[in-house]
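To find a chain, count down the sequence lines: A is the first, B the second, and so on, and within it residues start at 1.
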2 protein chains.
Amino acid sequence: MSNSDDLPFEITLKVRDTCLCLHVRRAARTLARRFDEALRPLDLTSGQFSLMMSLNRPEPPTIGSVSALLAMDRTTLTANLKPLERRGLVKVMVDEADKRSRRMALTPAGRALLAAAYPRWERTQAEIERLVIQSDSTRPDSTRAGADAFRINLRALS
Amino acid sequence: MSNSDDLPFEITLKVRDTCLCLHVRRAARTLARRFDEALRPLDLTSGQFSLMMSLNRPEPPTIGSVSALLAMDRTTLTANLKPLERRGLVKVMVDEADKRSRRMALTPAGRALLAAAYPRWERTQAEIERLVIQSDSTRPDSTRAGADAFRINLRALS
DNA sequence: GTCCATTATGTTGATATCAACCCTCCTTGT
DNA sequence: ACAAGGAGGGTTGATATCAACATAATGGAC
């Protein structure tokens, strides 16, 4: 069955306890589920909310710039646009100054839906932030320093 | 174009800077890509590595227990098993004591591949851990305390 | 002006993720 | 026994994610 080439169980325990990829992805799945649930009444996912929020700006951004902002593959963003376009929430247009580029913009319906989603985001975010603060027993005095340090750590990995 | 019901740009900037769901998912995508790259010579993804590592234990676990460990939907785990089963790395069997349950186990080929993947994980993990430590300027004295606090934060969200 | 390397994006195929729905098996109350 | 409720999993359909390949437009070198 098992032989000396197998990975010892102790190694497995170490990987489970320390692997940053596993820890971050676990948290990502859990958070996504929680925000998905909060936004479900609006038929929006957490990813769609983040994407639409990225488009709420004066000048419509390009595919490449937003995919860099969200740290996702360019082609993933292309795919994620499809359902939003189909629902008339987002519009994609060729950039006349550089015809290779596409510019994405929220439609009026998209802006309205985003505004309706914001209070739900705010409520959920406050709940989550509390979990981060409570978990940080090494910073007993700080209300926000722990959450800010956590975000700094996350940004260093992005 | 825009009206008073629209979300102000300042709100968008606040969400971008603080949204924990966005920050964690960004980091998750980036880390997954990085570990995927490290494991590509073995034709393993980071998720497959984590799953196989979860199965490297004396007693074969059930679907439900592993999906809880990985904080993923039960049905996602079922789907993730398919390519590993097809490659003969994992075996799924009905639990004779409770015929509703399935028990997953690595095959000899699976154990060998996992052992071959471990050094690549270790190297990549060390690189990533360094990024976490370096980013934590509020803990100048600590080499690992920052990374440990980071993991505690992550676990609180899982 | 023409060629060519680069840039920005789309397409396809495979895996990942989850909700909704369905089935089977176990357990408990009677 | 046995019927009802619950627990453990699978399937389907939609979206998410990325690598590999392909296309079109730009910008320089000459």
Side-chain angles (χ1 to χ4, degrees), chain A residues 21-22 25-41 43-52 61-68 70-87 89-90 92-104, chain B residues 21-22 25-41 43-52 61-68 70-87 89-90 92-104:
Chain A
C21 185
L22 174 58
R25 292 190 74 184
R26 275 173 51 102
R29 283 189 284 256
T30 305
L31 286 184
R33 265 196 300 272
R34 189 147 179 181
F35 278 89
D36 285 351
E37 184 185 0
L39 297 172
R40 190 162 308 139
D43 198 19
L44 271 185
T45 66
S46 55
Q48 292 171 335
F49 175 80
S50 292
L51 171 52
M52 290 176 68
T62 63
I63 305 276
S65 68
V66 172
S67 69
L70 301 178
M72 68 170 52
D73 192 274
R74 183 180 53 74
T75 67
T76 301
L77 178 53
T78 298
N80 291 0
L81 284 171
K82 295 260 172 86
L84 297 176
E85 275 190 281
R86 201 181 315 137
R87 288 171 63 185
L89 303 173
V90 168
V92 182
M93 290 158 300
V94 172
D95 183 340
E96 283 305 315
D98 181 345
K99 286 180 177 131
R100 296 170 302 180
S101 293
R102 303 280 184 279
R103 297 277 171 178
M104 299 167 285
Chain B
C21 185
L22 174 58
R25 292 190 75 184
R26 275 173 50 101
R29 284 189 283 256
T30 305
L31 286 185
R33 267 196 299 272
R34 191 147 177 183
F35 279 88
D36 284 351
E37 184 184 0
L39 297 173
R40 190 160 307 139
D43 198 20
L44 271 186
T45 66
S46 56
Q48 291 171 336
F49 175 80
S50 292
L51 171 51
M52 289 176 69
T62 64
I63 305 276
S65 67
V66 172
S67 69
L70 301 178
M72 66 170 53
D73 192 275
R74 182 178 53 73
T75 67
T76 301
L77 178 53
T78 299
N80 292 359
L81 283 171
K82 295 263 173 84
L84 297 176
E85 276 190 281
R86 203 180 313 137
R87 289 170 64 185
L89 303 173
V90 169
V92 181
M93 289 157 300
V94 172
D95 183 340
E96 283 306 313
D98 182 346
K99 284 181 178 133
R100 295 171 302 181
S101 292
R102 304 280 185 278
R103 299 276 172 179
M104 299 168 284

Checklist entry - How many Å lie between CZ on B:F35 and P on D:dC18, as a whole number? => result 15 Å

Next on the checklist: Between C:dT9 and A:R102, counting only base atoms on the nucleotide and side-chain atoms on the residue, is there a donor-acceptor pair under 3.5 Å?
Outcome noted: no

Item to check | Quiz item: A:R100 side-chain donor-acceptor pair to D:dA24 base, under 3.5 Å | outcome: no

Next on the checklist: Could you tell me if the side chain of B:L31 sits less than 4.5 Å from the side chain of A:R25, heavy atoms only?
Outcome noted: no

Next on the checklist: Students often get this wrong, so: under 4.0 angstrom with heavy atoms, is A:R74 touching a base, only sugar-phosphate, or nothing?
Outcome noted: base

Next on the checklist: How many whole angstroms separate atom CZ of A:R34 from atom P of C:dC18?
Outcome noted: 15 Å

Item to check | Base-contact (B) and sugar-phosphate-only (S) positions in nucleotides 12-17 of chain C, heavy-atom cut-off under 4.0 Å, - elsewhere | outcome: ---SSB

Next on the checklist: Looking at B:S50 and B:G47, would you say the former's side chain and the latter's main chain have a donor-acceptor pair under 3.5 Å?
Outcome noted: no

Next on the checklist: Without decimals, in angstroms, what is the distance between A:L77 CG and C:dA8 P?
Outcome noted: 14 Å

Item to check | Distance, rounded to the nearest Å, where B:I63 contributes CD1 and C:dC25 contributes C1' | outcome: 16 Å

Next on the checklist: Distance check needed: D:dA24 P versus A:D95 CG, whole Å only.
Outcome noted: 19 Å

Checklist entry - Just wondering, do B:M72 and B:N80 contact through their side chains at under 4.5 Å, heavy atoms? => result yes

Checklist entry - Of A:A71 and A:D98, whose nearest nucleotide on DNA chain D comes first from the 5' end? => result A:A71

